[in-house]
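Have a look at the structure below, then the notes.
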Amino acid sequence: ASKFANARDIFFIGRGVDYAISLEGSLKMKEISYIHSEAYAAGEWEKARSAWLGIEETGLESPDLYINIGDACYKLGEPGGAVLWYERALKLSPSDRTARYNLEFVRRSLQDKIEEVPEFFLKTSLRKIGYWMSSDAWAGLFLGFLSLFLAALLLFALPARPGLRKTGFFSAIVLGLLALGCLAASLGQKRHYLRTDRAVVMSPVVSVSSSPGGSASKNLFVLHEGTCVTLLEEIGGWCNIELADGRQGWMPAENLEKI
């Protein structure tokens with residue numbers, strides 16, 4: 001009960017005979033808790049998505065909510081919407097394994113297979129380590145290691161036996177490095193959350209041009225729904241985009257949705 005005590009909305013989903021049970025469960029939930037509750041027949045993804053989008057429009061931000069919307073989009077055959085909402089879930093919580101797994105699963109079915117430009121392996125490894133925990137968890141670890149660092153520094157500074165001062169000195173170095181690493185991981189996730197230069201192609205097919213509109217521009221390549229791009233510039237309803245493999249071009253902004 002404590003898990004749902006502070007919930008704002010609760011949904012019951014059932015198939016066949018279980019749908020009647022879901023209706024009864026939703027009614028009882030309203031009677032005993034006064035929490036908004038609805039029941040849906042399994043497979044009615046359009047209604048479920050509309051309900052979840054209604055919650056999102058109230059200003060609620062939640063990785064679980066975004067994952068549910070992404071699941072509904074995928075079931076409705078909208079890979080662009082699925083990628084968009086899974087990416088938004090990871091923007092809130094980069095360490096969410098469900099969102100990351102679902103995103104990779106959908107990407108395998110996308111028509112555009114874009115190979116990313118290889119990056120330095122150490123940078124990739126450090127980013128993956130940063131995804132182990134949330135930004136708040138890394139910040140908490142930073143404060144803990146910082147406190148221990150100051151204690152070790154105090155041990156080194158105070159008059160004491162040489163052995164204790166030596167221990168304090170080397171402990172301070174190790175704890176200081178750990179504190180800096182945790183701070184870097186926390187700030188890295190914060191920067192990821194604040195990014196506004198990433199978007200998803202939402203149209204089934206869109207041509208990428210050499211310039212923003214006009215008869216002088218020529219088509220460079222074609223993108224399909226669900227492909228992620230980086231926004232470089234926006235002029236008069238056109239966006240200059242870059243792909244993970246380094247290719248660039250212009251496409252109408254109406255075909256994109258920012259993450």
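Since the model is a prediction, treat every value here as computed from it, not as a measurement. Below, each value reflects all heavy atoms present in this structure, side chains not excepted, and no hydrogens, waters or symmetry copies.
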* More than 12 foreign heavy atoms under 6.0 Å from CD of E242: is that the case here? -> yes
* Asked: Does the side chain to side chain contact (heavy atoms under 4.5 Å, CB included) test come out yes or no for W45 and C73, once each step is laid out?
  -> CA-CA 8 Å; W45 293 104; C73 290; over 6 Å; no
* **Reported OG-to-CG distance for the pair S95 and D136, which is rounded to 0.5 angstrom** => 10.0 Å
* Under 4.5 Å between any side-chain heavy atoms of L155 and S171, yes or no? -> no
* Under the ring pair (Phe, Tyr, Trp, His ring centres under 6.0 Å) rule, what pairs show up with a residue in residues 82-107, not counting sequence neighbours? -> Y66-W85, Y74-F105
* Asked: How long is the gap from NZ on K91 to CG on D96, to the nearest 0.5 Å?
  -> 16.0 Å
* To do: Measure the shortest side-chain to side-chain distance between L256 and V200 over non-hydrogen atoms and say whether it is less than 4.5 angstrom.
  => no
* Are the side chain of S93 and the backbone N or O of L90 linked by a donor-acceptor pair below 3.5 Å? -> no
* Asked: Any side-chain heavy atom of L103 sitting closer than 4.5 Å to one from V83?
  -> yes
* Examine L177 and F149 and state if one hydrophobic cluster contains both, with Ile, Leu, Val, Met, Phe, Trp and Tyr joined whenever side-chain heavy atoms are less than 4.5 Å apart. => no
* **Residues forming a side-chain contact (heavy atoms from CB on, under 4.5 Å) with L220, sequence neighbours excluded** => S210, K218
* Any donor-acceptor pair under 3.5 Å linking the side chain of D112 with the backbone of H224? -> yes
* Structure fact -> Taking every heavy atom of E46 against every heavy atom of L76, the minimum-distance pair comes out as OE1-CD1, 3.6 Å
* Asked: Any side-chain heavy atom of L223 sitting closer than 4.5 Å to one from V229?
  -> yes
* To do: Quick one: closest heavy-atom pair of W250 and E233, and the distance?
  => CH2-OE1, 3.8 Å
* Asked: Taking it one step at a time, do I67 and N102 satisfy side chain to side chain contact (heavy atoms under 4.5 Å, CB included)?
  -> CA-CA 8 Å; I67 290 171; N102 290 357; 3.9 Å; yes
* Asked: What is the minimum heavy-atom distance between L175 and A152, and which atoms define it?
  -> CD1-CB, 4.2 Å
* Asked: Passes side chain to side chain contact (heavy atoms under 4.5 Å, CB included), L231 versus N240? Steps please.
  -> CA-CA 6 Å; L231 303 177; N240 186 14; over 6 Å; no
* **Check: F221 main-chain N/O paired with N219 side-chain donor or acceptor under 3.5 Å** => no
* **Partner set under salt bridge (Lys or Arg N to Asp or Glu O under 4.0 Å) for R107, not counting sequence neighbours** => E87, E104
* Asked: Got a second to check how far L243's CG is from T227's OG1, nearest 0.5 Å?
  -> 7.5 Å
* Atom pair CG (L150) and CZ (F145), whose distance is rounded to the nearest 0.5 Å -> 13.5 Å
* **Nearest heavy atoms of E225 and G81, plus distance in Å** => OE2-N, 4.3 Å
* Structure fact -> The side-chain contact (heavy atoms from CB on, under 4.5 Å) partners of L183 (sequence neighbours excluded) come to F142, L187
* Between S207 and M251, which heavy-atom pair has the shortest distance, and what is it? -> O-CB, 4.1 Å
* Do side-chain atoms of R49 reach the backbone of I69 as a donor and acceptor pair under 3.5 angstrom? -> no
* Asked: Going only through I, L, V, M, F, W and Y residues with side-chain contacts under 4.5 Å, is there a path from I129 to V174?
  -> yes
* To do: Please answer whether the main-chain N or O of P94 pairs with a side-chain N or O of R100 as donor and acceptor at a distance below 3.5 Å.
  => yes
* Asked: Who are the salt bridge (Lys or Arg N to Asp or Glu O under 4.0 Å) partners of D197, not counting sequence neighbours?
  -> R195
* To do: Return each pair, listed once, that meets salt bridge (Lys or Arg N to Asp or Glu O under 4.0 Å) where at least one residue sits in residues 248-258; pairs must be two or more places apart or across chains.
  => R88-E257
* **Cluster overlap L53 with L92, hydrophobic side-chain contacts below 4.5 Å** => yes
* Asked: Between S186 and S135, is there a donor-acceptor pair closer than 3.5 Å when you use the side chain of the first and the backbone of the second?
  -> yes
* Would M202 and L84 count as a side chain to side chain contact (heavy atoms under 4.5 Å, CB included) if you check the C-alpha gap in whole Å, the side-chain angles of each, and the deciding distance to 0.1 Å? -> CA-CA 9 Å; M202 302 300 289; L84 175 68; 4.3 Å; yes
* Below 4.5 Å, heavy atoms only, C-beta onward: do V205 and V222 meet side chain to side chain? -> yes
* Closest heavy-atom contact between V208 and G249? -> CG1-CA, 3.4 Å
* Asked: Is there side-chain contact between W238 and S209, with at least one heavy-atom pair below 4.5 Å?
  -> yes
* How far does CG of L232 sit from OG1 of T230, to the nearest 0.5 angstrom? -> 7.0 Å
* Could you state whether I173 and L180 fall into the same hydrophobic cluster, counting links through intermediate Ile, Leu, Val, Met, Phe, Trp or Tyr residues with side-chain heavy atoms under 4.5 angstrom apart? => no
